[in-house]
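Contents: one structure, followed by commentary.
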Amino acid sequence: MSATTVNTATVALAGYLAQAAYAVAIAIVLAGFHRHYHRQYLRHWASSWWALCLYYAGAAALNLEPLGSPLSPFRVAVSIVALIGGYWQIAWLLFGTYEVATGREVPRRRVRWLLVSLALVALITVAASAMLAPEARLLARLGLRSFGAGLAFLVAGLGVLRSGLHPAGLGRRLVGGAFLLYAIVQLAYAGLLAASVVANQSFPHLALIFPFDFFLQTLMGLGMVIWLLEEERTRAYLASEQIAHLAYYDPLTELANRNLFHEHLRLAIARIGGSGLGVAVFLLDLDRFKSINDSLGHRAGDGLLRLVAERLRGSLRPGDTIARLGGDEFAVLLPAVAGERDMVRLAEKVVAGLRRPFSLGGRDVVVTASLGISRYPDDGADAEELLKKADVAMYQAKLRGRDGLQLYAAVMDANALDCLSLENDLRKALAQGELMLLYQPVLDAASGRIEGVEALLRWQHPVRGLLQPADFLWIAELSGLSNPIDLWVLGTACRDAQSWHDQGADWLRIAVNLSARPFQRSDLIERVKDVLWETGLPSSCLELEITETLAMQNAEESLGVLRSLKELGVRVAIDDFGTGYSSLSYLRNFPIDTLKIDASFIRSLTGGGGSLEIASAMIALAHSLNIRVVAEGVEAEGQWRILRDQGCDEVQGYYFSPPLTAADCRQLLQGSRHLSPPREDGAARSAVSQR
């Protein structure tokens, strides 16, 4: 063996060992960064350099003398392991680059499949090349691998440089450039190996490629460290920006939040000075927004809030601040207004704009808003006070029927405190057993026979005395307490009715009023089923009453709910008939068992004014549709006789019986089923039937 050959082999051995050691260093650094920063591509690149270490270590082992013939088991095993490492280095490099360029992880199943396939390729290559001449064997094993590595690093370099997911900093340019240079070196190495086979001579200067490899790997490692540090600095900067954004903006609507609104309001007050201009604060709350969440789901509710935010932006001036304070509550700041007329005009524009239907999930949804207005300096001297006064005015707008606006006035504070006190008391009333049900008999108009009873809610307040539903149900609706109260009413009425059935009054029908909130809930049918199952009351003995206005608010959805109740066997009644705006076509299609004529028509039956003709027409209309008619609020014999003569089916009112406690009602039902009306003594009756 010549000295030149020995020197070349020594240089090659030293080069392979140096590169193996350096590959280990880079792999350790990348693995450490992966443990700290949890970037998946770092794990793939660390694996790539571990595989490169295996490849160079195997190449170094094959340069040791003596290793025996090319077919010796040890030499074949080392060749297979080294070549597997070489191919796996290419695969893991491309896996990491793919994740860098796309931001998506490579599926683990695909990773395993490709690694196994490359291991088989290495095995077949070593086995097939074992019988070739040394130069051809070198080309088959190292040349093909170098050519594949060159192409892989070329793709990786272009992928890194062209990736739009990462900032174009020094580190990324170093890594991408080093990948491209390394690709050129590997392709040149494969070309020289091919030339040596074709020319049938070796090229001793192939060993000189090692310093270039060493330099380029150093450049890659340095570039990866710089790139990662630059990326972390960018992430930290973006995270700080996002935190600052979240501190001042609502993430759902991208409107200002409460903190930013307070800041803008304080600045607006400071800028006004003695200019003679004013500052206005609008506080608006969506009416019955909870029913949207209950019926369509919270995702639809979030979508509606985003649409409301867009509608508000389009209704106001560029310099005005719009904020979402939480839930369905929004605030608007008008930083400079000349007078009350301007702010009212803008408030009317906002309220009118929200009345237009919103397109939500392929359906039109109509919501309204109640808006309160406070003014600086008339209503407060700082941001907190102005918001509080606007809230009081908004509350008054809800009390006046919603879907409107209200300017703050000092007299509202006392009303607001009284309402807050009543709301707090109502929250405790259910738990403390202060709510109660009274029952008013419903009689056959001709015979006086008791056919059923209607459950009427009362609140025995410890200080204010016995309160009617009109005194507190509006607070329950505003505060979200109506659902538990409605469920309690339904359950209590059904339990009492079943207990009277057990005592022999199994013919008795119980009527329960259904307010807007439970009627609009998607789980209404299931709740009714549960109550009937728990109490044992037959569904045919339960009659649910809804108002005419409620039924017509969304006639198509109401029709679906009523049909489901009828399928359950529950009777359906339209309450307060004549005070709403029924469409006769819907009335004909609704599965209704009973119409209840409102008491306002009954009270004027004997006083003229056309009420007799109206009541007679209502009765005739109902009978033409095979619907029974109940007249409520009968207070005099003359009213009863007129209704009986007009063919009214059933009556109820103080003329026959006031609302009774459960105990008094049980005692009444245990006697005769017929209830004789009192004889008229000519004195005007003063009792008024109240719901």
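When a residue number appears, it is its place in the shown sequence, counting from 1.
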Rounded distance [0.5 Å steps], SG in C665 versus CD in Q670: 10.0 Å
Atom pair OG1 (T594) and CD (E543), whose distance is rounded to the nearest 0.5 Å: 4.0 Å
Show the nearest heavy-atom pair for residues D506 and H501, with the distance to one decimal. O-CE1, 3.6 Å
CD-CG distance between Q498 and L537, expressed to the nearest 0.5 angstrom: 5.5 Å
Could you measure the distance from the CD1 atom of I627 to the CZ atom of F590? Nearest 0.5 Å is fine. 10.5 Å
Under 4.5 Å between any side-chain heavy atoms of F330 and L354, yes or no? no
Can you confirm if the NZ or CZ of R509 lies within 45° of the ring axis of W507 and under 6.0 Å from the centre of its six-membered ring? no
Go through the steps to decide whether L312 and L284 satisfy the test side-chain contact (heavy atoms from CB on, under 4.5 Å), and finish with yes or no. CA-CA 11 Å; L312 289 174; L284 66 95; 4.1 Å; yes
I'd like to check I373 versus M343 (side-chain heavy atoms, cut-off strictly below 4.5 Å). Are they in contact? yes
Flag the pair L316 / V350 as yes when at least one side-chain heavy-atom distance between them is below 4.5 Å, and no otherwise. yes
Please assess R306 against E310 for the test salt bridge (Lys or Arg N to Asp or Glu O under 4.0 Å), listing each intermediate value before the final yes or no. CA-CA 6 Å; R306 285 190 286 266; E310 293 177 11; over 6 Å; no
Do Y655 and Q639 touch side chain to side chain, with heavy atoms closer than 4.5 Å? no
Side chains of Q652 and Q440: do they bring a donor and an acceptor to under 3.5 Å? yes
Parallel, tilted or perpendicular: which one describes the rings of W459 and F472, with boundaries at 30° and 60°? perpendicular
Under the criterion side-chain contact (heavy atoms from CB on, under 4.5 Å), I'd like the reasoning laid out for L660 against V453: C-alpha separation, chi angles, the key distance, then a yes or no. CA-CA 10 Å; L660 305 171; V453 293; over 6 Å; no
Can you check whether L568's main-chain N or O pairs, donor with acceptor, with S539's side chain at less than 3.5 Å? yes
Would you check if the side chain of D444 reaches a backbone N or O of R449 as a donor-acceptor pair within less than 3.5 Å? no
Identify whether the distance between the nearest side-chain nitrogen and carboxylate oxygen of R628 and E650 falls below 4.0 Å. yes
Nearest non-hydrogen partners of L595 and A622, listed with the distance: CD1-CB, 3.7 Å
Could you tell me whether the side chain of S564 and the main chain of G560 form a donor-acceptor pair under 3.5 Å? yes
How about L360 and L307: do any of their side-chain heavy atoms sit closer than 4.5 Å? yes
So, for G404 and A397, which heavy atoms are closest and what is the spacing to 0.1 Å? O-CB, 4.0 Å
So do D328 and L304 actually touch side chain to side chain, heavy atoms under 4.5 Å? no
Can you find a pair of side-chain heavy atoms, one from V308 and one from F358, that are under 4.5 Å apart? yes
Could R375 and Y408 be counted as a cation-pi pair, given that NZ or CZ must be under 6.0 Å from the ring centre and within 45° of the axis? no
Judged by atom type as modelled, is there a donor-acceptor pair below 3.5 Å linking the side chain of W640 to the main-chain atoms of A445? yes
Assess whether a salt bridge exists between E454 and K596, defined as any Lys/Arg side-chain N lying under 4.0 Å from an Asp/Glu carboxylate O. yes
Donor + acceptor pair across side chains of S499, D496 (<3.5 Å): no
Okay, side chain of R311, backbone of R356: is any donor-acceptor separation there less than 3.5 Å? yes
State plainly whether the residues D403 and R355 are in salt-bridge range, i.e. N to O under 4.0 Å. yes
Output the distance between atom CD (E340) and atom CG (D378), rounded to the nearest 0.5 Å. 8.0 Å
Using only atom types and a distance under 3.5 Å, with no angle test, would you say the side chain of K389 pairs donor to acceptor with the backbone of D379? yes
S624 side-chain N/O to L621 backbone N/O, donor-acceptor pair under 3.5 Å: yes
Mind running side-chain contact (heavy atoms from CB on, under 4.5 Å) on K566 and V572 for me, showing each step along the way? CA-CA 7 Å; K566 289 298 294 178; V572 175; 4.0 Å; yes
So does E423 pair up with R427, basic N to acidic O under 4.0 Å? yes
Closest non-hydrogen atom pair, S359 against D364: CA-OD1, 4.1 Å
Residue pair I485 / L457, side-chain heavy-atom distance below 4.5 Å: yes
Salt-bridge criterion met for E385 and K388 (N-O under 4.0 Å): no
Electrostatic pair R563-E567, nearest N-O below 4.0 angstrom: no
Does the side chain of S370 pick up a donor-acceptor pair with the side chain of D285 at under 3.5 Å? no
One should read off an interatomic distance between L387 CG and F282 CZ, to the nearest 0.5 angstrom, of 13.0 Å
side-chain contact (heavy atoms from CB on, under 4.5 Å) between K529 and V531, intermediate numbers included: CA-CA 6 Å; K529 280 183 183 177; V531 169; over 6 Å; no
